[in-house]
Number of protein chains: 2
Amino acid sequence: MSALAKHRFDAVNKLQIDQPRLLSRISALGEVGAIDGGGVCRLALTDADRDGRDLVVCWMKELGLAVSVDGIGNVVGVRAGREDLAPVMTGSHIDTVRTGGRYDGNLGVLAGLEVIASLNDAHIVTKRPLAVAFFTNEEGARFAPDMMGSQVYQGDLALEHALDTVGIDGTSVRENLQRIGYAGEAPVGNNHVHAFVELHVEQGPVLEHEGITIGAVTGVQGIHWTELTVEGVSNHAGTTPMALRHDAGFVAMRIAAFAREVAAEMGKGQLATVGQINLTPNLINVIPNRAVFTLDLRNTDADALKKAVDKVFAFAFQVAEEEGVKLTHRPLADFDPVAFDERIVARVESLAKEQGHSVRRMPSGAGHDAQMLARMCPAGMIFVPSVAGLSHNVKEFTHAVDIGAGANLLLSLMTELAEQP
Amino acid sequence: MSALAKHRFDAVNKLQIDQPRLLSRISALGEVGAIDGGGVCRLALTDADRDGRDLVVCWMKELGLAVSVDGIGNVVGVRAGREDLAPVMTGSHIDTVRTGGRYDGNLGVLAGLEVIASLNDAHIVTKRPLAVAFFTNEEGARFAPDMMGSQVYQGDLALEHALDTVGIDGTSVRENLQRIGYAGEAPVGNNHVHAFVELHVEQGPVLEHEGITIGAVTGVQGIHWTELTVEGVSNHAGTTPMALRHDAGFVAMRIAAFAREVAAEMGKGQLATVGQINLTPNLINVIPNRAVFTLDLRNTDADALKKAVDKVFAFAFQVAEEEGVKLTHRPLADFDPVAFDERIVARVESLAKEQGHSVRRMPSGAGHDAQMLARMCPAGMIFVPSVAGLSHNVKEFTHAVDIGAGANLLLSLMTELAEQP
């Protein structure tokens, strides 16, 4: 190690993020789209999302980052390195579900900014550039699929296809991007990133339950999202004998209940959720002629996930046939399980120990932008605990000390990766 | 029989309603609040309901009826008799469900006007007055309970209680009655009616299936309506192990599926319908923290109905406990089975035969205003076939020839009852 390198190494090793500054940014961003109970509603590409984006872009510029916006509205802020190489990137998303919390996604973006701010304060310039990104529509709560921005960024989802996507309110990604002023010029689908690391709250109960501070995320479970539509015949609830019914609502609810039975029967981390159902005409005394509902199946094991999907669909078509209704389905998302880069997973684990934290390897239950980036470069994630495992809930919370631990680990890992040849 | 009585008897016996005139009124009223597919949307006390009321009141006045509006918005048009006695009344309702047809309710009111018009044309005055009524909010699709107006008219439902009822859009019966100008002055709860007969479409498949023209309705099955609310915990659909969930949506849908199982198992005319469900936040990847849904159970046998209610609720509380969610319920309607006056049932049957129609005795699957009137006077109903049994459906239809048969039977029965001492 040269004298200069040794000096830089020592300076970086002593470096700590400014925890109050990071918390204050989380708090300020949490005020944008704030809802009762301490939560946030910033559905993708709404006015609230725009306001949140404007705030983060303002911070990026204050920190001296070169900000670009691409065609799907992904925002990347780059800090130049000593050499003009592919950057080490971090980031996440700032869109939320309708009843979201302040940490999901936001922590990863703002911790990235805090890494930049800490390096700025210490006047340290890394060999490789550093980049902080927030990707459009990670949640998928308004437009399906989720992780839309990062998938377009990586290149597997065509920009035009994503722009044409129509959301739950009948408007498209394209028109909303234009409306909020985030239909950018930067190209998509041909980016170069040296490595990607995302800090995120666990969104589940495991770390807290086991009293562990850091999760070294090994991968992301596979996700299968489908929208099912049942079409039956509306009729009077009091005059139509049970045997002559074509009840779209019953079929939908029977399938939903069955999906839960499949998860219980398969065990081993098979998850099944029906979070959304809409009946037509949705009246107390009218047999529904239409039911539209969503099915969310997840598993870390690709074969098991496929088995669960097959089981639910076989049952669904059987019930539909018995009831004499029409069943159609539309895939909304279908992601195989993802394995993160073993070198990054191992380094998250060892860095956590070096910094005095308890750590465990674990899969992610939720989908994350990092899994899209994993298709183009070595990628990994750092989890910090969620109190009571609450997520997608206004009561979502992570203790300041855990946020600090995660952000410091991110700082160490990024600066280390940024010195790689 | 005196010469005058004989003359009157012969004149009445030859009398026929004017079928095209009746059909033309059905068609004209069907244009008010018309929706795609030939249906009607005139939810109670909406602007469309007001427009329909205005049209029918206009016709009542054209026919010389003395029109009164009571405190719950029931409208009664009275044609004076030769003597000042309690009237023979017919009528029904003109409110519809959101995706209703042209005949449900409307036929009974407009056939009543056609009876009046036919007697006017023939210059026949009956001994007792004749009355044609339309009662407020029979459907219960906007405000619960259904049959609200007729129950207030009869006296068992307190006017003030009914006026305070808040509907699905958060506004009250009182403010809507005032808004549409149908908060009338006529008293409620102390009316005198000699007999009540209601002509209605069957709303079920039985008459058409058996090729029969007239149903002599023996009574109405019991109805139990409940709104159930399940309160759980919102959480991330991908990170919350199945065993740690408090999924309000799952519990609601499992109960709904079970209600259907109970109906299948009990058979013998036990009906079960879950027509309405609303999840919160109703997003694909969020475990619902709240589900509000309705349960509609019906049976002609009071004991069997009670058994069905008990079974569903026992199961509901068991599932709620297993899932760790809170279950509450609110009764929306609870009507015991009703038996109509045997003399009227028998006379509907014999008159149908005299007029050359096939006829069968049958219970009503749906609730009707006649069952409220049955608490205060001899009451009965005449059913005519519904094509394909469709009801609460824009495709609801009854053939003109059947409408004519039913209206002529109503004419005969009313004029006969109106000569009773």
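Order of the sequence lines fixes the chain letters, A, B, ..., with proteins taken first and strands second; residue numbering starts at 1 for each chain. This is a predicted model, so every value here is computed, not measured.
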| message | When you compare the side chains of B:N278 and A:N282, does any donor N or O come within less than 3.5 Å of an acceptor on the partner? | response |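 Their side chains do contain a donor-acceptor pair, which is all the 3.5 Å distance test asks for.
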Which atoms of [X] approach chain A - backbone, side chain, both or neither, heavy atom under 4.5 Å:
X	result
B:R98	both
B:N235	both
B:D247	side chain
B:L279	side chain
B:L244	side chain

Among [options], which has the most heavy-atom pairs under 4.5 Å with chain B?
options	answer
A:K395, A:R142, A:R298	A:R298
A:G249, A:S364, A:A272	A:A272
A:I287, A:I277, A:V97, A:V274	A:I277

Could you tell me whether the side chain of [Y] reaches within less than 4.5 Å of the side chain of [X], counting heavy atoms only?
X	Y	value
A:M242	B:R260	yes
A:N393	B:V286	no
A:R245	B:T273	yes

Residue part contacting chain B, namely of [X], when any heavy atom lies under 4.5 Å:
X	result
A:R254	both
A:Q203	both
A:L332	side chain
A:E202	backbone
A:Q270	backbone

| query | Most heavy-atom pairs under 4.5 angstrom with chain A, which of B:T294, B:L283, B:D296? | reply |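 Of the options given, most contacts go to B:L283.
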| request: Evaluate whether atom CG of B:D36 has more than 12 neighbouring non-hydrogen atoms of other residues, nucleotides or ligands under 6.0 angstrom away. | output: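 Result for CG/B:D36: open.
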If I compare all heavy atoms of [X] with all of [Y], which pair ends up nearest, and what's the gap?
X	Y	answer
B:P205	A:T239	CD-O, 3.6 Å
B:P281	A:T99	CG-OG1, 3.7 Å
A:N285	B:H392	O-ND1, 3.2 Å
B:T240	A:L271	O-CD2, 3.7 Å

| Rounded distance [0.5 Å steps], CE in B:M253 versus CZ in A:F250 |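 One gets 13.5 Å once the value is rounded to the nearest 0.5 Å.
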